[in-house]
Protein chains: 2
Amino acid sequence: MSLHEVPNIAPRCGDCPIRHRAVCARCETDELAQLDAIKYYRSFEPGQTVVWAGDRMDFVASVVTGVATLTQTLEDGRTQMVGLLLPSDFVGRPGRPNAPYNVTATTDLLMCCFRKKPFEDLMGRTPHIAQRLLEMTLDELDAAREWMLLLGRKTAREKIASLLAIVARRDASLNLRTPSGRMAFDLALTREAMADYLGLTLETVSRQMSALRRDGVIELEGKRHVIVPDYDLLLDEAGDDADGGYLP
Amino acid sequence: MSLHEVPNIAPRCGDCPIRHRAVCARCETDELAQLDAIKYYRSFEPGQTVVWAGDRMDFVASVVTGVATLTQTLEDGRTQMVGLLLPSDFVGRPGRPNAPYNVTATTDLLMCCFRKKPFEDLMGRTPHIAQRLLEMTLDELDAAREWMLLLGRKTAREKIASLLAIVARRDASLNLRTPSGRMAFDLALTREAMADYLGLTLETVSRQMSALRRDGVIELEGKRHVIVPDYDLLLDEAGDDADGGYLP
DNA sequence: CAAAATCCTTGACGTAGATCAAAGATACGC
DNA sequence: GCGTATCTTTGATCTACGTCAAGGATTTTG
């Protein structure tokens with residue numbers, strides 16, 4: 001349910017195959033046991049919908065493997081992606097019965113779910129979980145606002161470059177990155193999904209990807225595997241924000 | 001720090017002239033006293049900056065009267081508004097030392113501030129304040145995502161209509177609204193601020209405002225006072241989202 | 001009350017990205 | 001191996017919105 005740098009340093013959550021950035025960062029073993037008691041797994045195929053906007057959603061979850069998206073649509077079918085869920089990201093909101101957006105798997109997707117009621121109870125008993133959730137939600141809000149800048153003011157080329165930079169950065173924590181700016185990753189999104197992310201059409205996305213390749217900013221192997229020979233060059237293209245980004 | 005319907009039903013916070021949606025919704029009198037002890041007021045003139053992006057921000061605050069904006073900028077000066085603060089809205093984030101965005105007064109502005117350290121301490125002691133803050137942050141996130149749909153997929157005319165509908169709705173709780181859809185309000189934003197909100201240029205905003213007037217969707221008295229003869233008509237123009245909006 | 005800011009409107013024109021259309025890649029089933 | 005479906009690329013054209021420019025309205029200042 002977010003988009004930023006993910007340190008992925010949280011301790012393992014019981015026997016759960018993923019490090020629950022969401023709920024485990026400061027968990028005591030006792031709490032981990034309680035989380036384990038209420039968790040279960042669900043898997044989805046590419047294209048499958050996890051929940052429809054407006055539907056009751058009686059669980060919260062974090063992504064174990066795969067990619068999911070949050071999307072919003074207008075009556076006439078125009079759609080805008082409003083969230084991109086990568087492994088360790090969290091979906092769902094304690095205190096809200098219904099899902100505000102469509103949640104869709106774009107790849108094979110495994111989610112670790114917690115039934116909402118017991119999760120909320122646990123949250124009520126352990127204040128630091130609520131605090132952690134607040135922290136995460138604030139991160140998401142920052143990401144959403146960065147995204148707003150992209151949607152409102154960046155050119156198509158800058159949008160593409162920014163998206164690639166974001167995905168590359170997320171992958172960088174896991175994947176190989178040479179000391180130079182060279183890095184490679186797979187883009188788990190179709191051109192259409194990229195377009196929905198960026199507020200463009202898929203044709204424009206395709207054209208701009210070709211243009212970036214032509215200009216040597218990126219290399220493409222097949223359609224989805226991207227190589228960034230010089231990360232700084234990509235960031236230049238992305239026209240990243242002034243105001244220096246805020247200090248830690 | 002958000003954009004939705006604000007019921008404004010929270011009890012008064014001590015002698016504070018505003019109902020602190022943020023921190024008082026479920027406050028005990030004891031906690032109110034503690035909040036009162038650490039609060040102070042600051043006022044700003046139109047155009048004045050409350051904090052610069054990146055600067056240390058050692059308080060959280062809620063807007064008492066007036067309007068403020070959160071903006072982000074690219075190096076070349078392109079700017080995007082990412083938050084609109086109306087009375088009762090909350091700014092600032094416990095746990096983060098620096099402000100991520102520029103906060104600027106667009107009218108005369110009075111803020112009720114709480115020094116961050118004591119506020120955080122209080123939050124640590126009273127879990128429901130953290131919960132309330134989480135709730136508010138989730139509301140903001142929803143608003144940000146609605147805004148993303150606007151920025152990414154709506155036409156200029158729809159953008160304007162959506163903005164007017166949002167402001168009208170915020171005002172509706174305070175202002176007069178006849179049983180029919182007729183309503184009137186003052187727009188505390190310049191054309192340029194509207195443009196920054198909507199990801200447009202000020203010329204396009206001006207043209208679309210004129211077009212909406214010409215088409216009888218709105219009436220204008222002077223530049224800032226807007227009359228909406230038929231609110232449903234405005235909502236049609238705004239091309240509001242499908243998926244029915246989620247049920248309460 | 002003139003002079004100078006601001007803020008807003010309107011026009012003429014250019015362009016980035018949308019739309020429409022066709023065809024190449026790649027994968028999948030039989 | 002061939003047909004079908006999905007995804008992607010590329011081209012030709014259109015258009016909504018941006019850019020540049022001029023001129024009102026309204027307020028502020030001296």
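Every chain is numbered from 1, with letters handed out A, B, ... down the list of sequences. It should be emphasised that the depicted structure is a prediction, and the values quoted were computed from it without experimental measurement.
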When the distance from CG of Leu189(A) to C1' of dT8(D) is rounded to whole Å, what number comes out? 15 Å
Hey, is CD on Glu219(B) packed in by over 12 heavy atoms from elsewhere, all under 6.0 Å? yes
Counting heavy atoms from C-beta on, name the nucleotide in dC7(C), dT10(C), dT8(D) closest to the side chain of Arg213(B). dT10(C)
Among Asn102(A), Val82(A), Val50(A), whose side-chain contact (heavy atoms from CB on, under 4.5 Å) with Leu70(A) holds? Val82(A)
Leu151(B) CG to dC17(D) P, in whole Å, measures 13 Å
Specify the residue among Glu192(B) and Arg207(B) whose closest nucleotide of DNA chain C lies further upstream toward the 5′ end. Glu192(B)
Distance col, row Leu189(B):CG vs Thr69(B):OG1, nearest 0.5 angstrom, shows 8.0 Å
If I take atom CG in residue Asp196(B) and atom P in nucleotide dG18(D), what distance separates them, rounded to the nearest angstrom? 12 Å
Taking CD1 from Ile160(B) and P from dC8(C), how many angstroms apart are they, rounded to a whole number? 12 Å
Leu150(A) CG to Met148(A) CE distance, which is reported to the nearest 0.5 Å: 11.5 Å
Within the structure shown, what part of the strands sits under 4.0 Å from Ser210(B) by heavy-atom distance: base, sugar-phosphate, or nothing? sugar-phosphate
Write down the distance between CE (Met194(A)) and P (dC7(D)), rounded to a whole number of angstrom. 15 Å
If the threshold is 4.0 Å, N to carboxylate O, is there a salt bridge linking Lys223(A) and Asp186(A)? no
Quick one: Leu220(B) CG to dT9(C) C1', roughly how many Å, whole number? 12 Å
Counting any heavy atom closer than 4.0 Å, what does Thr190(B) reach on the DNA or RNA strands: base, sugar-phosphate only, or nothing? sugar-phosphate
Name the residue closer to the 5' end of DNA chain D, choosing between Gln208(B) and Arg191(A) according to the nucleotide with the nearest heavy atom. Arg191(A)
For Arg56(B), does the CZ atom have more than 12 heavy-atom neighbours from other residues, nucleotides or ligands under 6.0 Å away? no
When you check every protein heavy atom under 4.0 Å of nucleotides 21-30 of chain D, what one-letter string (B, S, -) results, 5' to 3'? ----------
Could you state the CZ-P distance from Arg224(B) to dT6(C), rounded to the nearest angstrom? 15 Å
Across the strands shown, which category fits Gly47(B) at heavy-atom distances under 4.0 angstrom: base, sugar-phosphate, nothing? nothing
Of the nucleotides dT9(C), dG18(D), dT8(D), which one has an atom closest to the side chain of Leu202(B)? dT9(C)
Between Glu221(B) (CD) and dC8(C) (C1'), how many Å, whole number? 17 Å
For the side chain of Leu200(A), counting heavy atoms from C-beta on, which of dC17(D), dT8(D), dG17(C) is nearest? dG17(C)
Can you identify which nucleotide, out of dT19(D), dT19(C), dT8(D), has its nearest atom closest to the Thr201(B) side chain? dT19(D)
Give me the ring orientation class for Phe59(B) and Tyr40(B): parallel if the planes are under 30° apart, tilted from 30 to 60°, perpendicular past 60°. perpendicular
